Peer 1: 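Here it is: the structure, laid out below.
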Amino acid sequence: MVPSEPTRRRTLLGAAGALAALAGCSGSDSSGGRVTPTEPARGPFDPESVPPHRRLRGTIDGPLVWLPDETQTGTDGEPRRRGPTFLTSRDQVDRLRFADVESVEATRTFLEETAFDSETIFLERFPVRRCYELQLCDVSWSATDIDTQFGRVLRDADVACEPDARDSTAWLVRIPEALDTDRITSYGSGVSGSSCGERRRPPEREQPITADAVPAPNATAEGDDA
């Protein structure tokens, strides 16, 4: 199996890992499939390595932000499926609908500041158990696939929560490239049971996980608890 051409981000991460190894430590992030017994521990997590993004969270059982389906009439076009969405134009941003949750205005400003001639917004939705917080640890992409990796940590002790309840979250990630989204045919997402800084380097996989594939053991499928 011939691997897909490495993206600029993956190349930069590889170079950073090589430099860290010369300094006596190593660590990088890529999406996973097979485990290597000698896999090194990750280096310190660098938040600056993750593309700019915004997160929405709410207690409602449904999408927090969505692009209306214009083929539906008599409704607000709320999608039935919660798969990933790409925003590539100002017109799409103007058509977005938001649930009544916190941080909507900040998210709108974030979208308005996106330069769609050189950037793409990737919208992904995840449910999460109410006592936990998700962290976006890594985003990698190529011309045909995109992958996100999250960490999960307990929320602050003063946050009231019900262990079995869950919230909806939406993540809007600004990819620093004008992607041809018609060519993207697969995506993958994984959730680690620890923070970004505590995760180990995921193993390399032979090919992207398709949207309708069976999730890997460490992945959280759309609609499952994180």
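Values reported hereafter were calculated over all heavy atoms of this structure, with side chains retained and with hydrogens, waters and symmetry mates removed. This one's a predicted model, so the numbers in the text were calculated from it and none came from an experiment. Along the sequence shown, the residues carry numbers beginning at 1.
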Peer 1: For a quick test of reading the model, state the closest non-hydrogen atom pair linking Leu56 to Val104 and the distance between them.
Peer 2: CD2-N, 4.0 Å
Peer 1: Of all heavy-atom pairs between Arg54 and Ala106, which one has the smallest distance, and what is that distance?
Peer 2: NE-O, 4.4 Å
Peer 1: Atom CD1 of Ile121 and atom NE2 of His53: how far apart are they, to the nearest 0.5 Å?
Peer 2: 11.5 Å
Peer 1: So, for Leu123 and Ala170, which heavy atoms are closest and what is the spacing to 0.1 Å?
Peer 2: CD1-CB, 4.2 Å
Peer 1: Roughly how far, to the nearest 0.5 Å, is the OG atom of Ser189 from the CG atom of Leu136?
Peer 2: 9.5 Å
Peer 1: Is the positively charged end of Arg174 above the ring of Phe110, judged by distance under 6.0 angstrom from the centroid and angle within 45° of the axis?
Peer 2: yes
Peer 1: If you count the non-hydrogen atoms of other residues, nucleotides and ligands that lie under 6.0 Å from CG in Asp94, is the total more than 12?
Peer 2: yes
Peer 1: Report the distance from atom CD of Gln149 to atom SG of Cys196, rounding to the nearest 0.5 Å.
Peer 2: 10.0 Å
Peer 1: Closest approach of Trp66 and Pro63, non-hydrogen atoms and distance?
Peer 2: CZ3-O, 3.7 Å
Peer 1: What verdict does the side-chain hydrogen bond (donor to acceptor under 3.5 Å, both in side chains) test give for Thr88 and Gln92, after you've listed the backbone C-alpha separation in whole Å, the side-chain angles of each residue and the deciding distance to 0.1 Å?
Peer 2: CA-CA 7 Å; Thr88 59; Gln92 288 179 307; 3.2 Å; yes
Peer 1: Taking all non-hydrogen atoms of both residues into account, name the closest pair between Arg155 and Arg57 and its distance.
Peer 2: NH1-NH2, 3.3 Å
Peer 1: Can you measure from CZ (Phe86) to CG (Asp180) and round to the nearest 0.5 angstrom?
Peer 2: 10.5 Å
Peer 1: Any side-chain heavy-atom pair from Leu96 and Leu111 closer than 4.5 angstrom?
Peer 2: yes
Peer 1: Looking at CD of Glu102 and CG of Leu64, how far apart are the two atoms once the value is rounded to the nearest 0.5 Å?
Peer 2: 12.0 Å
Peer 1: Which pair of non-hydrogen atoms, one from Leu179 and one from Thr120, has the smallest distance, and what is that distance?
Peer 2: N-OG1, 2.9 Å
Peer 1: Under a 3.5 Å distance rule, please check whether Thr114 uses its side chain to pair with a backbone N or O of Phe116 as donor and acceptor.
Peer 2: no
Peer 1: Do Thr148 and Glu124 have side-chain atoms, one donor and one acceptor, less than 3.5 Å apart?
Peer 2: yes
Peer 1: Got a second to check how far Arg166's CZ is from Cys131's SG, nearest 0.5 Å?
Peer 2: 14.5 Å
Peer 1: So, for Trp171 and Phe150, is the gap between ring centers shorter than 6.0 Å?
Peer 2: yes
